[in-house]
Amino acid sequence: MSARIVFDSVRKTFRRRNRSDSLRDALPRALGRLIGRNVQATPPFVALDDVSFEVGEGEVLGIVGGNGAGKSTSLRLAAGVYRPDGGSVQVDGRISALIELSAGFHPDLSGRENIHLVGALHGLRRREVAAKIGAISEFADIGEFLDAPVRTYSTGMAVRLGFSVAVHVPAEVLLVDEVLAVGDAEFRTKCLRLMARRRDEGVTVIFVSHNLAIMEQFCDRVIFLHHGRVLADGPPRTVIAQYLSTVAAERRAQIREGSRAVPSRRGTHEFKLDDVVLDGGPGTSEGEVAYRGALRVRARWAAQKPITGVRLRLHVHSAEAVLCGTALAVDLPEMFEGEGSLEVVVPSMDFLPGAYDVTIEAHDATGLVVLDQHDRLHALTVSGERPAGAQGIVEIASSWRVAPDAAT
Amino acid sequence: MLSELPAHRDLLWLLVVREIRVRYARAALGAAWAVFPPLVMMAVFSVMNFGRLIDPHSPYASIPYPVFAFLGLLPWVHFSTSLTQATPSLVLAAAMLKKSRFPHEAVPIARVIATLLDFAVGLFVLAGLLAWNHIPIGVEALAAIPVFGLQLVFTVGLALLLSAANMFYRDVNYLLNVGIVLAMFATSVVYPIAVTDPTVATVLALNPMSAYLDAYREALLLGQWPSFETLGPGVLGALLSLVVGASFFARCSHRFAEEI
């Protein structure tokens, strides 16, 4: 398989944004430098550092990483919009990029004129674009809006048109950034199907998405960017698992240092939950449980004043903040006074190995007042090997029987 | 790079069409509005009697002042409108620059070309003015065409330089708006540049725009082939402007997408 895209020790830095774009600020700085005064220069922001990877013909590469990890910068470098400050980026073939959805459309021009404009930006001749307009508008499902100004489009229509143009212009390389974050499920399926077809035609795809399930399913390979460096490069399942455990570890560290930007704890605290411990039994560390192992969640409670009726809930979220399940819900009608302890036992943790977050919360008897909520405050790692072929959150127990019809 | 433009001529054409469409969108009179800026300025300078600045011994003394002024104003308005349109053009095209790789020169150049529509509309007014005043047009008038070519080259060079500089310092746009007013009075737009103080006039004679405007007047009003003396600064200015503008643009265009 020949390489279509080669990133070789790529480094990309950006000037910091706080530097203003006006001469009024630039002149004193320049003067200061002239007379030898040490004018403090802001160090540049390093977006990518020593990034190397290759993508072959007909290969789909996914890039995962947190915000600011360098995903979009990588795509822009591959698209030739940015030039690397160090190393080299080589792309062989025509590029179609969908970076920043539908951006570049001019609101006062019609859909048709915008399609022509985007086509021309990709270096296409007018005939070539004209030949594709039918397919583009049909895929985008914009109907009679094709000749209406884009400003009259709904957001969904503009997004669909942007994606449709990008996948229909002839290209050997397709760069797709976060397109699946918007649009309905039906359109998402259509997009994936079309991208799969392009891949089968030999188009090289770099794909960035926060939807890890789709990444795992669709990519041949995934790289994990972390603060501008490649931390992992390999099969989607392994790399995504590493990404999730890194995210979980960082989250845990932030919670420990109390540096989380979003307060994860709220409530009236008339009834408080403290000292929450996730215990997976012997052989596991705090916050870890073996796949299908027993989990005990222990906590201390304290009631400021006597309170009658408390509802306790325990939720488990995936690392992508999807609620996977409410494990236990107990409504306790009795009166609580003073302090005490509680323990929740999950006999078998059936969620597939990966990183999860546990929420524990207490409501009053009406269920309307939050007494204390630890919102995804407790990281839980389900350890073990994922069963082969298992995707999603749980493995559904099943038995298959496939047989030919009996001959009559 | 400027050399990539021919391959992207469809893009350039679409940008020009987009520019014209957007500029005159929802205006009932459309491009007819383009007639007014030079026409109104002609009327103002005529009423203010700028004609008296023309030396009575000069060959232009016999030409009606409004014609003299319009022949300067029409190409001048193309020049100044092109620059004021082109300078902020890259900043406004941010979305395109961040999205795909293409010769960025197309953006400011499309605005210079789109302004030609205004100029073409103005040509009809000029033809009307010449006919109305019974000024005969000789074969020498053809000289105005290559001279306008030079003016376009000069304009494109400056447009490239200013639009690129404006990406780094937005002050450029404001400076231009002030500078273009001053420049008009340092050019033989509404009076022959010779009316100024002799030393000043020698310096101002190096202004390429004066060279083009003088050449148009010589060709159309006096029926003379423009002299080398008149055109010299114009040829040099056009070449210098294009070389400096295009090379500055080429050197920094890879940073545009990051500067927005």
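Note that the structure is predicted; figures quoted are calculated from it, not measured. Sequence lines set the chain letters: A, B, ... in the order given, protein chains first and strands last, and positions in each chain run from 1.
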Between NE2 on residue B:H8 and CZ on residue A:R125, distance to nearest 0.5 Å
10.5 Å
I'd like a table of donor-acceptor pairs (distance under 3.5 Å, sequence neighbours excluded) in which one partner is a side-chain atom from residues 28-44 of chain B, with atom names and distances.
none

So A:Y82 and B:K98, do their side chains get closer than 4.5 Å, heavy atoms only?
yes
Part of B:L97 within contact of chain A (heavy atom distance under 4.5 Å):
backbone
Check this for me: A:R198, atom CZ, are more than 12 non-hydrogen atoms of other residues, nucleotides or ligands nearer than 6.0 Å?
yes
So for B:H254, is it side chain, backbone, both, or neither that comes closer than 4.5 Å to the heavy atoms of chain A?
both
Within the distance-only criterion (no hydrogens, no angle test), does the side chain of A:D108 pair as donor or acceptor with the backbone N or O of B:V22 below 3.5 angstrom?
no
Test item: B:R18 and A:L109 side chains (from C-beta on) under 4.5 Å apart, heavy atoms
yes
Tell me which of these, B:L12, B:L11, B:L14, has more heavy-atom pairs under 4.5 Å with chain A than the rest.
B:L11
Charged N to carboxylate O under 4.0 angstrom, B:E258 versus A:K12?
yes
Any heavy-atom pair between the side chains of A:L117 and B:L15 that's under 4.5 Å?
yes
Between A:E113 and B:R21, does any NZ, NE, NH1 or NH2 come within less than 4.0 Å of an OD or OE carboxylate oxygen?
yes
Name the region of A:L124, side chain, backbone, both or neither, that has any atom closer than 4.5 Å to a heavy atom of chain B.
backbone
CZ (A:R126) and CG (B:D10) are apart, to the nearest 0.5 Å, by 4.5 Å
